[in-house]
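Take a look at the structure below.
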Amino acid sequence: MNKQLTENKKSLITNIFLLLGDTTGKYLITILIISIFLLPILHIYIPEDSYTISLLGKYLCFALLALSLDLIWGYAGILSLGHGAFFGLGGYMMGMHLMREIGDRGVYGNPELPDFMVFLNWEKLPWFWYGFDSFLFASLMVILVPGLLAFIFSALAFGSRVTGVYFSIITQALVFTLMLAFFQNNFGFGGNNGLTDFKDILGKDISSKETRGALYICSAFMLILGYLICRIIISSKIGNILVGIRDRETRMRFLGYNTTVFKIIIFTISAVLAGIAGALYVPQVGIINPGEFSPIKSIEIVVWVALGGRGFLYGAIIGAIVVNVLKSYLTIISPEIWIIFLGLIFILVTIYLPNGLTDLRRLIKRYYGRK
Amino acid sequence: MVENKNILEVKNVTVSFDGFKALNSLSLEIKKSQMIAIIGPNGAGKTTLQDVITGKTKIDNGKIYFKNNDLSQFSEHAIVELGIGRKFQRPTIIENISVWDNLCIALNTKKTFLSCLLTKLKQKDLNKLLEIINTINLEEKKNLIAKNLSHGEKQWLEIGMLLMQESDLLLIDEPVAGMTETETKKTSDLLLNIAKDRTIIVVEHDMNFIESLNVEIIVLHEGRVLTRGNMNSIKRNKQVIDVYLGR
Ligand SMILES: Nc1ncnc2c1ncn2[C@@H]1O[C@H](COP(=O)(O)OP(=O)(O)OP(=O)(O)O)[C@@H](O)[C@H]1O
Ligand SMILES: [Mg+2]
């Protein structure tokens with residue numbers, strides 16, 4: 001019984017040690033760390049292949065994105081159908097920096113303006129592009145812009161007590177609005193072509209094997225960090241409070257919690273993680289365009305989390321990776337089959353595995369337990 | 001300021017829903033450290049009264065003072081901080097976390113995001129948790145996920161959560177509805193036990209239960225106070241018999 005009591009004495013430090021009890025989380029982090037040491041090295045020494053490692057890095061960015069969604073959906077019950085908004089904005093912020101890095105090596109050779117602005121006959125750089133020459137400034141914007149948008153958006157929504165389906169619908173409206181805006185040529189972000197033809201990142205050739213390896217390491221590192229941040233939040237009292245908000249928000253209010261503030265904070269944290277995922281994604285795929293803001297992409301994120309199992313954190317990571325690996329292979333065979341296949345597994349999982357792939361683990365355990 | 005013995009003063013409060021007056025210029029005072037029972041027919045406005053005290057429903061007219069604070073100036077969670085705790089008609093606990101965790105989140109500490117993230121349980125908090133889990137008789141089930149409790153146990157857990165909050169005033173809506181006889185008996189013992197250090201307003205239809213509490217009674221009818229007094233005088237009151245007891 002005393003053991004029980006000490007376990008309940010939760011502090012930040014003990015929360016970090018609580019991770020030791022999080023077996024799946026531990027495996028996941030171990031695999032990621034091993035991959036950090038192995039993959040980039042293998043990659044550099046395998047000739048001819050410069051693609052695979054970026055593909056893997058991309059999966060990790062999607063995993064971080066899924067994780068960010070699970071933090072709000074799995075625990076606080078806030079279903080965002082527009083998380084692509086924050087992912088895309090983070091990506092655009094990084095894309096803007098990479099555009100500035102091109103300098104005078106563009107098709108038009110203009111040292112002051114990116115190609116698409118020259119093409120539109122613009123005289124000078126718009127004010128909102130100022131500062132993006134600096135990597136540090138751009139990195140700051142990667143955090144600030146999605147964070148600020150999420151803060152204002154959620155403060156307005158939660159402040160006027162918009163919840164449930166209604167909230168989900170306005171998140172779709174948000175991402176759709178962004179898509180329409182970014183499609184405009186005169187909005188200043190390259191219209192439907194988006195930002196592309198990047199040359200360097202931090203002075204290094206963006207398509208070199210070393211850079212790709214380094215980007216993979218950064219993605220894995222951010223995923224681990226993101227996982228730890230979410231795990232620490234969830235294993236503190238906040239975890240129970242979020243579940244309380246999800247299950248009975250009025251009870252939480254009458255316990256004296258300002259649930260609106262909790263929801264705004266957790267939504268903003270989630271958006272920042274999504275933004276960072278986007279920023280790491282763009283240099284690895286070499287392009288960011290308004291397609292990232294298409295509503296269907298945001299819905300796909302929800303499918304990853306649902307398939308992986310929501311409310312476990314690692315479920316979201318596994319879901320994102322499994323679905324995207326399948327997608328990579330199946331879209332090569334036939335893009336039409338892919339969408340049908342995705343719909344099908346989504347239906348099957350919802351019916352037979354309510355906790356997604358994490359249920360599989362339990363089924364296996366039970367199977368072996370019986371033997 | 002004159003010392004005020006009333007912890008709660010409701011003054012001419014009116015609340016209407018689409019023209020229907022759920023509370024009709026209702027006034028009442030509750031003294032500090034008193035347990036009081038509110039009875040009245042369905043739709044009399046008992047739950048609505050609790051809704052306006054806790055800030056869930058806005059008042060159309062009138063004022064409510066709690067410890068001399070005008071409650072219209074406070075939001076729901078700020079009213080909780082002032083010292084009002086509420087037990088809903090149906091058990092409202094957090095079903096998907098353990099009994100122990102339910103009590104933990106009700107603990108009367110700073111309830112900001114940052115302090116919830118960083119502070120750990122102190123020895124005195126632990127002692128309090130243990131004391132209260134004993135009071136509500138759920139010591140054995142503390143690691144059980146709350147949805148697995150029986151109906152009665154859920155009600156006690158919710159009362160336990162209010163105790164954790166250290167509220168000065170507890171509003172308790174129909175605690176024994178749906179309880180077995182033994183559970184009802186346990187609940188009245190529990191309320192009498194905790195009434196020693198706080199003010200309690202309990203709403204109930206079960207007259208045997210009210211009688212076992214042996215406290216002053218307020219009768220509500222059509223959004224107004226019909227009468228108030230002890231059980232004997234209430235039972236003999238002609239109006240009360242007509243609108244409520246006699247039926
Ligand atoms: N949100 C609301 N909208 C419209 N009418 C309401 C609302 N809340 C309460 N009412 C009405 O106000 C009246 C008083 O309701 P209230 O719930 O306070 O009664 P009560 O005394 O608690 O009754 P019971 O004993 O059945 O619990 C009822 O006629 C009810 O229909
Ligand atoms: Mg009622």
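A quick note: this is a predicted structure, and the numbers were derived from the prediction, not measured. In what follows, every chain begins at residue 1, and chains take the letters A, B, ... in the order their sequences are listed.
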Within a reach of under 6.0 Å around CZ of F74(B), are more than 12 heavy atoms found that belong to other residues, nucleotides or ligands?
yes

Mark yes when over 12 heavy atoms from residues, nucleotides or ligands other than F151(A) sit less than 6.0 Å from its CZ; otherwise mark no.
no

Contact list for residues 149-169 of chain B, test salt bridge (Lys or Arg N to Asp or Glu O under 4.0 Å), sequence neighbours left out:
R251(A)-E158(B), K67(B)-D168(B), K87(B)-E158(B), E95(B)-K154(B), K128(B)-E166(B), K141(B)-E153(B)

Shortest non-hydrogen contact from D247(A) to N96(B)?
OD2-ND2, 2.7 Å

Set of residues satisfying side chain to side chain donor-acceptor pair (under 3.5 Å) with respect to K46(B), sequence neighbours excluded:
none

Which residues in residues 252-261 of chain A have any heavy atom lying under 4.5 Å from a heavy atom of chain B?
M252(A), R253(A), F254(A), L255(A), G256(A), Y257(A), N258(A)

Picking from I105(B), T54(B), N108(B), which has the most non-hydrogen pairs under 4.5 angstrom with chain A?
I105(B)

Is there a side-chain contact (heavy atoms from CB on, under 4.5 Å) between I233(A) and L117(B)? Walk through the geometry before answering.
CA-CA 7 Å; I233(A) 292 175; L117(B) 184 66; 4.3 Å; yes

Could you name the residues of residues 264-275 of chain A that have a heavy atom within less than 4.5 Å of a heavy atom in chain B?
I265(A), I266(A), I269(A)

dist N240(A):CG -> I97(B):CD1 (nearest 0.5 Å) comes out at 4.0 Å

Chain A: which of K56(B), E76(B), H77(B) shares the most heavy-atom pairs with it under 4.5 Å?
H77(B)

If you tally heavy-atom pairs under 4.5 Å against chain A, which of A106(B), A78(B), C116(B), S98(B) wins?
C116(B)

Interchain contact, I93(B) with chain A, by part (heavy-atom threshold 4.5 Å):
backbone

Among T119(B), D101(B), T109(B), side-chain contact (heavy atoms from CB on, under 4.5 Å) partner for K237(A)
T109(B)

